[in-house]
Asks: 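Would you mind keeping the following structure in view while I ask a few things?
For clarity, every value in this text was computed on a predicted model and none was experimentally measured.
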Amino acid sequence: MSLDPFYPIVDSAAWVSRLTGVGAKLIQLRIKDKDNAALESEAREALGICQKAGAQLILNDFWRLAIDIAADYVHLGQEDLDTADMPAIRARGIRVGISTHDDAELARALKLEPDYVALGPIYPTILKAMRFGPQGLDRIGEWKRRIGNIPLVAIGGLNVERGRACLAAGADIVSVVTDITLNADPEARAREWIAATRA
């Protein structure tokens, strides 16, 4: 199954339900503040929602849980790569996306043959403190030339207009958090994203 170009990131199964309800087909569940039992419960619920909707769930960070629930994907940051058991992940047929921010991180990611590579932040972001400054649109084209047919995800500070610009610059997929979750009408905003990215 190919990856949809619209890739929202949310922190609950309830959000997954809301976004699959308006047509999202690729969603990351990123939970940072729950105990293991609650995390597993949310992940299993989110995976069930995605399966019923014909969508793909990407679980952030928790590769052991991704194996346990047979998630479609796991997304790993560079720090996660230090401890992730890649052979075990691959043995279960779980696909892997990897975050990158600079040349060394991209080289490390490519050695692991990822199913997608994420680059960010493209623009300044309010979501979390980053030790890397904005990458800008030119870096998207550079990354795409270097990774070839591997899907490239652009993330960080995106709204619909910036998302279009990222796709035009060479990204295959655009990932968004607060432009949807902090919007007064998240479902309507998600529909705008879907219309813009699938055109």
Side-chain angles (χ1 to χ4, degrees), residues 1-32 42-43 45-61 71-75 77 95 97-101 114-128 130 134-141 143-144 147 150-199:
M1 184 184 290
S2 63
L3 294 172
D4 193 80
F6 169 55
Y7 178 16
I9 299 175
V10 297
D11 64 1
S12 70
W15 270 113
V16 171
S17 180
R18 290 175 72 174
L19 294 180
T20 56
V22 295
K25 294 296 182 185
L26 180 68
I27 303 177
Q28 183 183 127
L29 183 65
R30 177 161 65 191
I31 297 176
K32 298 292 187 184
E42 286 282 335
E45 183 180 352
L47 183 60
I49 292 165
C50 284
Q51 288 171 339
K52 287 177 185 167
Q56 296 181 91
L57 181 72
I58 299 178
L59 188 61
N60 186 66
D61 291 349
D72 301 297
Y73 277 81
V74 63
H75 180 91
R95 286 155 289 182
I98 300 177
S99 293
T100 65
H101 308 86
D115 296 280
Y116 73 76
V117 168
L119 171 67
I122 306 302
Y123 295 92
T125 176
I126 63 171
L127 185 62
K128 58 182 177 180
M130 300 291 289
Q135 303 281 353
L137 293 173
D138 288 344
R139 183 62 73 92
I140 293 174
W143 246 232
K144 188 59 188 171
I147 70 175
I150 300 170
L152 177 62
V153 176
I155 184 171
L158 300 190
N159 56 32
V160 173
E161 296 72 25
R162 288 174 170 179
R164 284 195 192 97
C166 289
L167 293 171
D172 301 290
I173 299 160
V174 283
S175 190
V176 58
V177 186
T178 58
D179 191 61
I180 289 176
T181 60
L182 298 183
N183 194 281
D185 189 342
E187 285 85 356
R189 190 59 163 170
R191 288 188 188 95
E192 289 181 52
W193 272 95
I194 289 168
T197 56
R198 294 181 190 163

Asks: So which atom in Val153 and which in Ser175 form the shortest heavy-atom distance, rounded to 0.1 Å?
Replies: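 Heavy atoms of Val153 and Ser175 come nearest at CG1-CB, 3.8 Å.
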Asks: How far apart are the closest heavy atoms of Ile49 and Ala13, and which atoms are they?
Replies: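 So the minimum-distance heavy-atom pair works out to CD1-O, 3.5 Å.
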Asks: Look up atom CG in Leu152 and atom CD1 in Ile147, then write down how far apart they are to the nearest 0.5 Å.
Replies: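 Result: 4.5 Å between the selected atoms.
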Asks: Roughly how far, to the nearest 0.5 Å, is CG of Asn159 from CD1 of Ile180?
Replies: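 Ile180 atom CD1 to Asn159 atom CG measures 11.0 Å (nearest 0.5 Å).
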Asks: Answer yes or no: is there a side-chain heavy-atom contact under 4.5 Å between Pro186 and Arg18?
Replies: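 SC-SC contact between Pro186 and Arg18 confirmed.
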Asks: State, yes or no, whether a side-chain contact exists between Asp179 and Leu158 at a heavy-atom distance under 4.5 Å.
Replies: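 Not touching, per the 4.5 Å side-chain cut-off.
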Asks: Checking Arg191 now: which residues fulfil salt bridge (Lys or Arg N to Asp or Glu O under 4.0 Å) with it, not counting sequence neighbours?
Replies: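 By the salt bridge (Lys or Arg N to Asp or Glu O under 4.0 Å) rule, Arg191 matches no residue at all.
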Asks: Checking Gln56 side chain against Ser2 main chain: does a donor-acceptor pair fall under 3.5 Å?
Replies: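 At least one qualifying donor-acceptor pair exists.
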Asks: Please answer whether the main-chain N or O of Ala118 pairs with a side-chain N or O of Thr100 as donor and acceptor at a distance below 3.5 Å.
Replies: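 Pair found, side chain donor or acceptor close to backbone of Ala118.
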Asks: Just wondering, more than 12 heavy atoms not from Asp138 lying within 6.0 Å of its CG?
Replies: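 No, CG of Asp138 has 12 or fewer neighbouring heavy atoms, counting only those of other groups under 6.0 Å.
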Asks: How close do Ile122 and Ala154 get, counting heavy atoms only, and between which atoms?
Replies: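 The pair with the smallest heavy-atom distance is CG1-CB, 3.9 Å.
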Asks: Measure the CD1-CG distance between Ile27 and Leu19 for me, rounded to the nearest 0.5 Å.
Replies: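 It is 5.0 Å, given to the nearest 0.5 Å.
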Asks: Which heavy-atom pair separates Val174 from Cys166 by the least distance, and what is that distance?
Replies: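 Looking at all heavy atoms of both residues, the closest pair is CG1-CB, 3.7 Å.
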Asks: Please check: side-chain N/O of Gln135 versus main-chain N/O of His101, any donor-acceptor pairing under 3.5 Å?
Replies: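 Looks like yes, one N/O pair under 3.5 Å.
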Asks: Evaluate the side-chain proximity of Asp11 to Glu42: yes if any heavy-atom separation is below 4.5 Å, no if none is.
Replies: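 They are not in side-chain contact.
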Asks: Do side-chain atoms of Lys25 reach the backbone of Pro5 as a donor and acceptor pair under 3.5 angstrom?
Replies: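 No; judged by distance alone, with no hydrogens or angles, the pair does not exist.
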Asks: If you round to the nearest 0.5 Å, how far is CZ of Arg189 from OG1 of Thr181?
Replies: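 Rounded to the nearest 0.5 Å, the OG1-CZ separation comes out at 12.0 Å.
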Asks: Given Leu47, which of Val16, Leu29, Leu57 fulfils the side-chain contact (heavy atoms from CB on, under 4.5 Å) condition?
Replies: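 Of Val16, Leu29, Leu57, side-chain contact (heavy atoms from CB on, under 4.5 Å) with Leu47 is met by Leu57 alone.
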Asks: Side chain of Thr20, backbone of Cys50: donor and acceptor closer than 3.5 Å?
Replies: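 Here the side-chain-to-backbone pair does not exist.
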Asks: Could you measure the distance from the CD1 atom of Ile194 to the CG atom of Asp4? Nearest 0.5 Å is fine.
Replies: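 Atom-to-atom, Ile194:CD1 and Asp4:CG are 7.0 Å apart.
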Asks: Going by salt bridge (Lys or Arg N to Asp or Glu O under 4.0 Å), name the residues that satisfy it together with Asp172, two or more places apart in sequence or in a different chain.
Replies: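 Here the qualifying residues are Lys144.
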Asks: Is there side-chain contact between Arg95 and Tyr116, with at least one heavy-atom pair below 4.5 Å?
Replies: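 No, too far: nothing below the 4.5 Å cut-off.
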Asks: Which atom names give the shortest non-hydrogen contact between Ala196 and Val160, and what distance separates them?
Replies: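 Nearest heavy atoms, Ala196 then Val160: CB-CG1, 3.7 Å.
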Asks: Taking all non-hydrogen atoms of both residues into account, name the closest pair between Ser99 and His75 and its distance.
Replies: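 Result for this residue pair: OG-NE2, 2.6 Å.
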Asks: Between Val117 and Ile98, is any pair of side-chain heavy atoms under 4.5 Å apart?
Replies: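 They are not in side-chain contact.
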Asks: With heavy-atom distances below 4.5 Å as the criterion, would you say the side chains of Asn60 and Lys32 are in contact?
Replies: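 Yes, at least one pair of side-chain atoms sits under 4.5 Å.
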Asks: Give a yes or no on whether the backbone of Gly97 and the side-chain of Asp115 come within a donor-acceptor separation of less than 3.5 Å.
Replies: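 No.
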Asks: Determine the interplanar angle of the Trp193 and Phe6 rings, folded into 0 to 90°, and report it as parallel if under 30°, tilted if 30 to 60°, perpendicular if over 60°.
Replies: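 Rings of Trp193 and Phe6: parallel, as their planes differ by under 30°.
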Asks: Are Ile31 and Leu59 close enough that some pair of their side-chain heavy atoms sits under 4.5 Å apart?
Replies: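 Contact flag for Ile31/Leu59 side chains = no.
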Asks: With a 4.5 Å limit on heavy-atom distance, are the side chains of Leu119 and Arg139 in contact?
Replies: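 Yes, their side chains come closer than 4.5 Å.
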